[in-house]
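Computed from a predicted structure; not experimentally measured.
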Amino acid sequence: MTTATAPPTISTAPGLEPTGLRLRLAAHQGHDHLDGGWWPHSRDLSAELRRLVDDFPPERGRVVRVLYSPPDWDNRPVRSLPVAAGQVKVGFFPHDDTHLVHLTMSDRSVWLLAVVPPGFSADQGEEALLAAATSGNQHSAADLLHTVEGEAASVPADHWARGS
């Protein structure tokens, strides 16, 4: 069973600005290939990172550095980003297309999150978040997203656990 510390929030009313952090974290960080998933509302990294950092569950720690995969984003902040608690260092993986963000916390632990494309449907986004936070996951973020994009409606509930 997956524990979601911050259940995804989806704005369903047409014409409304999306609200809420769409994030699902694994019950135990560092035990599986991914520690959870993040489904940003847009490809604007500066705006989305502010929301992620400012609204990250405080019981899980304070984000001090973010590394990201450049192909997921239309813009890129340079070196640091102003957030509610001050500044967060920002960097990227050169020549990388892994659909990941690494969040380094103030205690030096690292959360490895799959980045769900903002254009995914509600069903695809929910499935991708579930998959990324499922205990026993061994899929890369790219493989997980490819599977969800092509087969979300037919993926069995236990597909994401170890050995599937």
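Using modelled atom types, no side-chain atom of D35 and backbone atom of Q29 make a donor-acceptor pair closer than 3.5 Å. Checking side-chain atoms of T134 against main-chain N and O of N137 turns up no donor-acceptor pair under 3.5 Å. Remark: the backbone N or O of P71 is paired with a side-chain donor or acceptor of R43 at under 3.5 angstrom. Judged by distance alone, the side chain of H41 and the main-chain N or O of G20 form a donor-acceptor pair under 3.5 Å.
In terms of heavy atoms, H99 sits closest to A141 at O-CB, 3.5 Å. Nearest heavy-atom pair across L34 and H139 is CD1-O, 3.8 Å. Looking at every heavy atom in both residues, L145 comes nearest to A128 through CD2-CB, 4.0 Å. Smallest separation of non-hydrogen atoms from L144 and A131: CD1-CB, 3.4 Å. Looking at every heavy atom in both residues, P77 comes nearest to L45 through CD-CD2, 3.5 Å. Shortest non-hydrogen contact noted between W38 and E48 is CZ2-O, 3.4 Å.
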Apply side chain to side chain contact (heavy atoms under 4.5 Å, CB included) to the pair S140 and T98, showing each step before the final yes or no. CA-CA 8 Å; S140 72; T98 58; over 6 Å; no
Kindly indicate, with the supporting measurements, whether the criterion side chain to side chain contact (heavy atoms under 4.5 Å, CB included) is fulfilled by V63 and M105. CA-CA 4 Å; V63 179; M105 312 310 285; 3.7 Å; yes
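Taking CG from L130 and CZ from R24, the interatomic distance works out to 6.0 Å, rounded to the nearest 0.5 Å. Rounding to the nearest 0.5 angstrom, the gap separating the CZ atom in R65 from the OG atom in S80 is 10.5 Å. For the atom pair L100 CG and D72 CG, the distance stands at 8.5 Å (nearest 0.5 Å). R51 CZ to R22 CZ: the interatomic distance, rounded to the nearest 0.5 Å, is 8.0 Å.
When hydrophobic clusters are built by joining Ile, Leu, Val, Met, Phe, Trp and Tyr residues whose side-chain heavy atoms come closer than 4.5 Å, directly or via intermediates, L21 is not grouped with V64. A continuous path of Ile, Leu, Val, Met, Phe, Trp and Tyr side chains, each step under 4.5 Å between heavy atoms, connects F92 with V66, placing both in one hydrophobic cluster.
Screening Y68, W111, F93 against H102 for a ring-ring contact (aromatic ring centres under 6.0 Å, His included) leaves a single residue, F93. Checking each of L49, N75, D74 against D44 for a side-chain contact (heavy atoms from CB on, under 4.5 Å) leaves exactly one that passes, namely N75.
At a threshold of 4.5 Å between non-hydrogen side-chain atoms, the residues D32 and S135 count as touching. In this structure, S42 and P40 have side chains that are not in contact, with every pair of non-hydrogen atoms separated by 4.5 Å or more. Here the side chains of L103 and L52 are in contact, with some heavy-atom distance below 4.5 Å.
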Give the table of side-chain donor-acceptor pairs shorter than 3.5 Å for residues 112-122, with sequence neighbours excluded, one pair per line with atom names and distance.
unit_1 : atom_1 : unit_2 : atom_2 : d
S121   : OG     : Q124   : N      : 3.1
S121   : OG     : Q124   : OE1    : 3.4

